[in-house]
Peer 1: 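First, the structure itself, so that you have it in front of you.
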Amino acid sequence: MKKIIVILSLIISLNGIAQNLESKISNNALAVATMKGDYIFNLIVRTNPSILKNFKNSSNIKNTDLGFDLNSKAYYFYQVNDTVQYHNFMVNLIDKNKFENFLSIEKQDNIEEYLGYKFLFNNKTVTVWNDKILISSTVILPYKPYDYYSLNSPPIEEEESPIEALEESEEKIKTSKDTNLKYAKVTKVIEIDESIKTLLKNNVFTILNRKMNTSIAVNKNYNAGKKKDAAAYLWVKNYSDITNSLIKFTLGTSYKEIDLNKNFFGFTEFKSNLFFKNDEIRLVSDLKISNDWKKTYRKIYKSKLNKNFYKYINQNETLAYFSFTTDTQAVLEKYPTLMSDFYGALLPKMSDEISVATELLTVILDEKAIGEVITGDMLFILNGIAEREVKYTSYTYDENYRSTKVIKTKMEVIPDFTIMIGSENKKLISKIMELAVKHNPKIAKNTLYYSYKSVPFDLFFTIKDGIVFLTNSQKQINNIVNHFPANIGKHKKILKNNMSSFYINMEKIIREVPNNLLTKEELEFLTLIQNNFKETYLTASRLKGNKLKSEYVIKTTNKEDSFKPLLFFIKNFNKYYF
C-alpha cells in the first residue's frame with residue numbers, strides 16, 4: 001500500500017511540475033508550441049552541434065548532461081506588447097549545477113543574480129534560471145525609431161535606429177579616427193542595452209509571477225487541440241492577430257492607415273499535432289475559418305475531382321502528383337468582393353476607387369461561361385525522369401569576332417509529365433487548340449496535336465472525357481487516346497476525399513534519376529534520402545463545419561521508430577547545405 005501511495009505521489013508531483021510551466025504562459029500569447037524534452041534535445045543539439053559552442057566539453061555531451069528534465073515538455077510562446085515582440089522558451093531544470101558547469105568561463109563571469117534567479121544577458125536575449133526552471137526570452141524591437149518603446153532611456157537620434165546601434169555594439173569597434181564620434185556611439189549603445197535589459201527583466205518576472213487564472217492552462221481552445229500521444233503541439237490563437245502584429249511591427253506608426261479590424265483571409269485559430277509512430281511521421285493540423293468567410297470557402301471548395309480523372313492514373317508509373325479542385329464559377333463570383341475587402345482595408349483612402357473597379361470586373365466577367373471552359377479540376381502527374389538529347393543555340397566567332405548561330409545538342413534530365421484540366425466546353429477548347437497549331441502543324445490526327453516551339457521537349461494535346469490533356473510523352477498521349485492501363489490503387493482515396501493533395505514516391509524518383517549526370521555530392525544526398533524515406537503526401541480536406549483539416553505524412557525506412565531516420569537525415573543534411 002505504501003508503494004502505491006509513493007507512486008501516486010510521484011505521478012502527481014511530475015504532473016504538477018509540467019502544469020507549472022504551462023501556467024506561466026500568458027492567456028494572451030499569440031502562439032504556443034510544446035515538445036517533449038528528449039525530442040527537443042536531439043533535434044536542436046544533435047543536428048546542430050554549434051549551438052553548444054558556449055558550453056565546455058560539448059563534444060562528449062549526453063542527453064542528461066545539461067540538467068534539463070527530458071521527461072517533461074519544453075514550451076515556446078510568442079507574445080506582443082504594443083509593437084514590442086517577445087519570443088520565449090521555457091523548460092524544467094532538474095540539476096542547475098550541471099547546466100552552469102557546461103557554461104563557458106566567459107559566460108559564467110557574466111552571470112547576474114536578482115531575487116533568487118540567475119540572469120545571463122546576450123544583447124536582446126536573456127536566459128534566466130533557478131533550481132527548477134529555465135527561461136530564455138528574446139525581445140524584438142520595431143524598426144521605426146519613433147515607435148521604439150524604451151524605459152527610462154534618453155531620446156534616440158532619428159537617423160539611427162536601436163537595432164542599428166545594437167549591431168554596432170556586436171561588432172565591438174575598437175578603433176576610430178574620430179574619438180568623439182566613437183565615444184558618442186558607445187555611450188548610446190550602453191544606454192539602449194540597459195533599456196533592453198529592463199524590458200527583458202520585466203517580461204521574465206511577469207512570466208514567473210503569473211497566476212493560474214490568467215494563463216494558457218485555463219484556455220479551453222488551447223487544451224482542446226492537444227493530443228496525449230503527440231510529440232509536439234502548436235497552437236495559434238488567431239491567424240489575423242499574428243499578421244496584424246507583424247504589420248504593426250514592420251510599418252511602425254504607418255499601420256494606423258490600415259484597417260486592422262479586417263480578417264484578410266478568414267483564418268482564425270490554428271492547431272497542429274506531430275506524431276512519430278512506427279514507420280510514419282504524421283503532422284495533423286486544423287485551421288478554423290471565421291463565420292464571415294465560412295460560406296465563401298464552402299462554396300469555392302465544394303466540388304470534387306472529376307471521376308474521369310481516375311481512368312488516367314497508373315500507380316505503377318506515377319512518381320509524384322499534385323491535385324487541386326475548386327469551383328471556378330464560385331471563385332470568379334467571389335473574387336471581386338474579396339479583392340475589394342482586401343485592398344480596401346490596406347488602402348482605406350482608395351476604397352471608393354477600388355469598389356468601382358471591382359464592380360466593373362464583375363460586369364466584364366462571365367463567370368458561368370468561364371467556369372464551363374475551366375471547371376477548376378487539375379491534376380499534375382510526374383510519370384518519369386529520363387535523360388534526353390535536347391537542342392540549344394550557341395554561337396561561334398571568326399577572327400573578326402563576327403558571330404554565327406550554331407544549333408548544338410546536349411544530354412539533360414527531362415521530367416515526363418501529364419497535366420489534366422477539367423473542361424465542359426469541348427467545342428471552344430478544340431478551336432483554341434486548332435488555332436495553337438495552325439501556324440506550325442506537325443501532326444493533326446483526330447484530337448491529337450503535336451507542337452514544338454521554344455521548349456526543350458515535345459508537347460502533345462488532346463481532349464477526352466471532359467478533360468484537357470497536356471503531356472510531353474508520346475507514349476502517354478497514345479495511351480490516353482487509345483487505351484490507358486488504369487490502376488489508381490491507394491491514390492483514389494486520397495484524391496477523392498480531399499480538396500488538394502500532393503504525393504511523392506521518393507524511392508521511385510531517385511531510382512529514375514540518371515546517376516551519370518549527378519555530382520558526387522548530389523548522388524550522396526539522394527542516397528541519404530533513399531536510405532531514410534519511402535514516400536510522402538500532403539492532403540487538405542474540404543471545409544467541415546468551420547475547419548479545414550490538413551495532413552502531412554512521411555513514410556520512413558525504419559519500421560519501429562520514425563524519429564531516428566528524421567534525426568539522421570537532418571544531422572547529415574547540414575553537411576550539404578550549411
Peer 1: Check whether any side-chain heavy atom of Lys211 lies under 4.5 Å from a side-chain heavy atom of Asn213, and answer yes or no.
Peer 2: yes

Peer 1: Rounded at 0.5 Å granularity, tell me how far CD1 in Ile281 sits from CG in Leu274.
Peer 2: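 The distance works out to 7.5 Å.
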
Peer 1: Are the aromatic ring centres of Phe270 and Tyr239 under 6.0 angstrom apart?
Peer 2: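 No, too far apart.
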
Peer 1: Could you give me the CA-CA distance, side-chain angles and deciding distance for Ser285 and Ser272, then say whether side-chain hydrogen bond (donor to acceptor under 3.5 Å, both in side chains) is met?
Peer 2: CA-CA 4 Å; Ser285 306; Ser272 187; 2.7 Å; yes

Peer 1: Please determine if Lys277 and Asp229 form a salt bridge, counting it only when a charged side-chain N lies under 4.0 Å from a carboxylate O.
Peer 2: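 Yes.
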
Peer 1: With sequence neighbours left out, write down each residue that passes side chain to side chain contact (heavy atoms under 4.5 Å, CB included) with Asn71, or none if nothing qualifies.
Peer 2: Asp69

Peer 1: Are there more than 12 heavy atoms of other residues, nucleotides or ligands under 6.0 Å from atom NZ of Lys294?
Peer 2: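 Yes, because the 6.0 Å sphere around NZ of Lys294 holds more than 12 heavy atoms from other groups.
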
Peer 1: How close do Tyr76 and His87 get, heavy atom to heavy atom, and via which atoms?
Peer 2: OH-ND1, 2.7 Å

Peer 1: Are a donor atom and an acceptor atom from the side chains of Tyr537 and Glu535 found within less than 3.5 Å of each other?
Peer 2: no

Peer 1: Look up atom CG in Asp131 and atom NZ in Lys118, then write down how far apart they are to the nearest 0.5 Å.
Peer 2: 9.0 Å

Peer 1: Let me see the working for Lys24 and Ile133 under side-chain contact (heavy atoms from CB on, under 4.5 Å), right down to the final yes or no.
Peer 2: CA-CA 11 Å; Lys24 297 185 183 302; Ile133 188 172; 3.8 Å; yes

Peer 1: Are the side chain of Lys124 and the backbone of Leu141 linked by a donor-acceptor contact shorter than 3.5 Å?
Peer 2: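 A pair under 3.5 Å: no.
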
Peer 1: Within the supplied structure, the quantity of interest is the number of heavy atoms (other residues, nucleotides, ligands) at a distance under 6.0 Å from Lys508 NZ; does it exceed 12?
Peer 2: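 Counting neighbours around NZ of Lys508, more than 12 heavy atoms of other residues, nucleotides or ligands fall under 6.0 Å, so yes.
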
Peer 1: A cation-pi test, strictly: NZ or CZ of Lys197 under 6.0 Å from the centre of the six-membered ring of Phe121 and no more than 45 degrees from its axis. Yes or no?
Peer 2: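 The answer is yes, since Lys197 meets both limits relative to Phe121.
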
Peer 1: Quick one: pull up CE in Met35 and NZ in Lys73 and give me the separation to the nearest 0.5 Å.
Peer 2: 11.0 Å

Peer 1: Does some side-chain heavy atom of Thr127 sit less than 4.5 Å from a side-chain heavy atom of Leu134?
Peer 2: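 In contact.
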
Peer 1: How long is the span from the CG atom in Asn546 to the CG atom in Leu287, to the nearest 0.5 Å?
Peer 2: 10.0 Å

Peer 1: Where do Phe533 and Pro565 come nearest, in terms of heavy atoms and distance?
Peer 2: CZ-O, 4.1 Å

Peer 1: Looking only at heavy atoms, which two atoms of Leu234 and Ala33 are closest? And how far apart?
Peer 2: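 That would be CD1-CB, 4.0 Å.
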
Peer 1: I want to know whether Tyr233 and Tyr222 have ring centres closer than 6.0 Å.
Peer 2: yes

Peer 1: Partners of Ser137 by side chain to side chain contact (heavy atoms under 4.5 Å, CB included), sequence neighbours excluded?
Peer 2: Tyr86, Asn88, Val126, Leu200, Asn203, Val204

Peer 1: If the condition is salt bridge (charged side-chain N to carboxylate O under 4.0 Å, His left out), which residues does Lys549 pass it with, not counting sequence neighbours?
Peer 2: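 Once residues adjacent in sequence are excluded, Lys549 has no partner under the salt bridge (charged side-chain N to carboxylate O under 4.0 Å, His left out) criterion.
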
Peer 1: Which word best sums up how the rings of Phe99 and Trp129 line up, parallel for under 30°, tilted for 30 to 60°, or perpendicular for over 60°?
Peer 2: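 Rings of Phe99 and Trp129: perpendicular, as their planes differ by over 60°.
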
Peer 1: Quick check for you: to the nearest 0.5 Å, what is the distance between Thr318 atom OG1 and Ile509 atom CD1?
Peer 2: 10.5 Å

Peer 1: Between Ser323 and Ser501, is any side-chain donor less than 3.5 angstrom from a side-chain acceptor?
Peer 2: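 The answer is yes; a qualifying pair exists.
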
Peer 1: With a 4.5 Å cut-off on side-chain heavy atoms, are Thr206 and Arg210 touching?
Peer 2: yes

Peer 1: So do Thr138 and Phe89 actually touch side chain to side chain, heavy atoms under 4.5 Å?
Peer 2: no

Peer 1: Could you walk me through whether Asn498 and Ser541 pass the side-chain contact (heavy atoms from CB on, under 4.5 Å) check?
Peer 2: CA-CA 4 Å; Asn498 294 286; Ser541 68; 3.9 Å; yes

Peer 1: After noting the C-alpha distance and the side-chain angles of Ile216 and Phe77, does the key distance pass the side-chain contact (heavy atoms from CB on, under 4.5 Å) rule?
Peer 2: CA-CA 10 Å; Ile216 199 72; Phe77 52 105; over 6 Å; no

Peer 1: Taking the side chain as C-beta and beyond, is there a heavy-atom pair between Leu93 and Phe68 under 4.5 Å?
Peer 2: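 Yes; the side chains approach each other to less than 4.5 Å.
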
Peer 1: If the condition is ring pair (Phe, Tyr, Trp, His ring centres under 6.0 Å), which residues does Tyr503 pass it with, not counting sequence neighbours?
Peer 2: Tyr321, His491

Peer 1: Side chains of Asn219 and Trp235: closer than 4.5 Å at any heavy-atom pair?
Peer 2: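 A side-chain contact under 4.5 Å exists here.
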
Peer 1: Report yes if the side chains of Val32 and Glu22 come closer than 4.5 Å at any heavy-atom pair, otherwise no.
Peer 2: no

Peer 1: With no hydrogens and no angle check, is any side-chain donor or acceptor of Thr325 less than 3.5 Å from a backbone partner on Met499?
Peer 2: no

Peer 1: How far apart are the closest heavy atoms of Val80 and Tyr78, and which atoms are they?
Peer 2: CG2-OH, 3.4 Å

Peer 1: Considering only heavy atoms from C-beta outward, does the side chain of Thr557 approach that of Lys534 to under 4.5 Å?
Peer 2: yes

Peer 1: With Glu280, which residues qualify under side-chain hydrogen bond (donor to acceptor under 3.5 Å, both in side chains), at least two apart?
Peer 2: Arg282, Lys555

Peer 1: Return yes if a side-chain donor-acceptor contact under 3.5 Å exists between Lys226 and Asn223, otherwise no.
Peer 2: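 Yes, a side-chain donor-acceptor pair sits under 3.5 Å.
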
Peer 1: Run the side-chain contact (heavy atoms from CB on, under 4.5 Å) check on Leu566 and Thr556 step by step: do they pass?
Peer 2: CA-CA 8 Å; Leu566 176 65; Thr556 69; over 6 Å; no

Peer 1: If you look at every heavy atom in Leu548 and Arg542, which pair is closest and at what distance?
Peer 2: CD2-C, 4.0 Å

Peer 1: The criterion is side chain to side chain contact (heavy atoms under 4.5 Å, CB included); which residues satisfy it with Phe563, sequence neighbours excluded?
Peer 2: Tyr39, Asn42, Leu43, Phe276, Asp561, Leu567

Peer 1: Rounded to the nearest 0.5 Å, what separates atom CG in Leu382 from atom CG in Leu319?
Peer 2: 4.5 Å

Peer 1: Please name the pair of heavy atoms, one in Ile25 and one in Ala29, separated by the smallest distance, quoted to 0.1 Å.
Peer 2: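 Taking every non-hydrogen atom into account, CG2-CB, 4.1 Å.
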
